[in-house]
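For ligands, and for the atoms within them, numbers begin at 1 and follow the listed sequence.
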Amino acid sequence: MKTIHVNTSHPYDVLIERDGLKKCGEYIRTITKSNKAAIITDDIVGGLYAQTAADSLAQNGFETCVFTFPNGEQSKNLATFGQILDFLCENSITRSDIIIALGGGVVGDITGFAAASYLRGVDFVQIPTTLLAQIDSSVGGKTAIDIKGGKNLVGAFKQPAMVICDSNTLKTLSPEILSDGMAEAVKYGMIRDEKLFELIENHDLDSIDEVMDEMIYTCIDIKRDVVEHDEFDKGERMILNFGHTLGHALEGWHEYTNFTHGMGVAAGMCLITGKLCDSPVMDRLQKCLVNYKLPVGTDIPMSELLPFCSKDKKRESDSLSYIVCRTIGKAEIVKVTVEEFNKLMEE
Ligand code: GLY
């Protein structure tokens with residue numbers, strides 16, 4: 001097992017271990033004296049892994065209850081949030097008990113926000129089961145739900161008490177969902193670590209499992225470093241949003257259906273890199289993304305995409321910040337007016 005200690009306002013460990021799910025009870029026992037755990041999951045992940053988690057928790061003295069909601073972004077809303085709070089209350093979960101998010105980014109985000117707000121805060125553990133959740137959303141304490149006005153517009157910073165990444169859970173992912181996570185892995189290479197980028201570009205969707213734990217470790221370690229410097233997202237943390245301004249716009253244009261977050265990030269990274277960087281950087285980025293069956297651009301006219309950028313959370317009143325990597329492994333934050341950004345992208 002490999003461990004990454006995240007030294008934020010509430011420090012915690014990220015455990016990376018193949019088959020770690022089977023030992024989750026043992027690990028969670030080290031951070032709580034409580035004998036009660038509420039597992040929140042979705043109908044797909046729950047069917048695959050809730051019993052394994054519950055068995056391990058029971059072997060370690062926990063009484064468990066499980067709340068399951070339908071898989072997908074459309075569940076990350078106020079209605080499901082309310083159902084989770086009611087479930088915690090009905091099962092007499094107290095402030096000293098533990099809540100467990102078992103699933104991908106949607107489960108982690110909504111469960112984290114429920115843990116942040118129920119009884120004004122209950123400890124929660126992330127057991128991410130998608131690549132995207134393992135290398136990105138489960139670490140760093142961002143929790144949120146979607147409202148009519150947009151994605152992730154309501155939430156809280158709430159660091160987990162522990163994160164358990166079991167890369168064996170990735171074996172049940174469809175190739176599309178694995179690709180979704182690979183876009184974020186490529187992003188980490190682009191913003192911070194050329195060696196990581198090389199590792200990824202020397203593999204493809206079929207062979208990446210050979211180096212999965214090494215890749216997951218390196219990505220999480222980069223995220224740890226960024227989050228430790230800027231836990232509350234006031235500056236440097238913005239580099240994690242490379243490719244996301246246009247990526248979010250693409251997701252919004254597609255109404256969040258049949259177009260994953262990773263597809264948006266991949267195309268978004270290429271759109272900004274193509275505008276501002278030398279062709280060797282762009283060529284390597286494109287080739288790498290193609291290996292993971294990710295898009296490297298879009299046919300949608302900029303005039304249709306740019307209005308979606310105005311909803312970006314990184315936007316201030318009349319300016320926005322975008323991220324550019326002029327060399328692989330180094331990111332710059334560039335603040336421009338919305339007008340300048342639109343002009344750049346429309347050229
Ligand atoms: N996923 C971006 C962040 O955690 O800041």
- Query: Does ligand 1 have an atom under 4.0 Å from some heavy atom of M238?
  - Reply: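 Distance cut 4.0 Å: M238 fails for ligand 1.
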Heavy-atom contacts with [X] under 4.0 Å: which atoms of ligand 1 show up? List them by number with element.
{"X": "L240", "answer": "3 (C), 5 (O)"}
{"X": "K142", "answer": "3 (C), 4 (O), 5 (O)"}
{"X": "D136", "answer": "1 (N), 2 (C)"}

- Item | Any N or O of R237 closer than 3.5 Å to N or O of ligand 1 |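 Between R237 and ligand 1 (N or O atoms, distance only) the closest approach is under 3.5 Å.
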- Query: Looking only at N/O atoms, are D233 and ligand 1 under 3.5 Å apart anywhere?
  - Reply: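 No, since none of the N or O atoms of D233 sits under 3.5 Å from an N or O of ligand 1.
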- List the steps and the verdict of side-chain contact (heavy atoms from CB on, under 4.5 Å) for T32 and F62. CA-CA 10 Å; T32 180; F62 288 93; 3.7 Å; yes
- Going by the side chain to side chain contact (heavy atoms under 4.5 Å, CB included) test, name the single residue among M212, K171, K293 that passes it with L178.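 The side chain to side chain contact (heavy atoms under 4.5 Å, CB included) with L178 is passed solely by M212 among M212, K171, K293.
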- Query: Under 4.5 Å between side-chain heavy atoms, hopping through other hydrophobics if needed: is there a path connecting V281 to F242?
  - Reply: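 They do share one cluster, since a chain of ILVMFWY contacts under 4.5 Å joins V281 to F242.
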- Query: By side chain to side chain contact (heavy atoms under 4.5 Å, CB included), which residues pair with N35, not counting sequence neighbours?
  - Reply: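 Residues passing side chain to side chain contact (heavy atoms under 4.5 Å, CB included) with N35: R29.
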- Which residues satisfy the ring-ring contact (aromatic ring centres under 6.0 Å, His included) test with Y49, sequence neighbours excluded?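 ring-ring contact (aromatic ring centres under 6.0 Å, His included) list for Y49, sorted by chain: empty.
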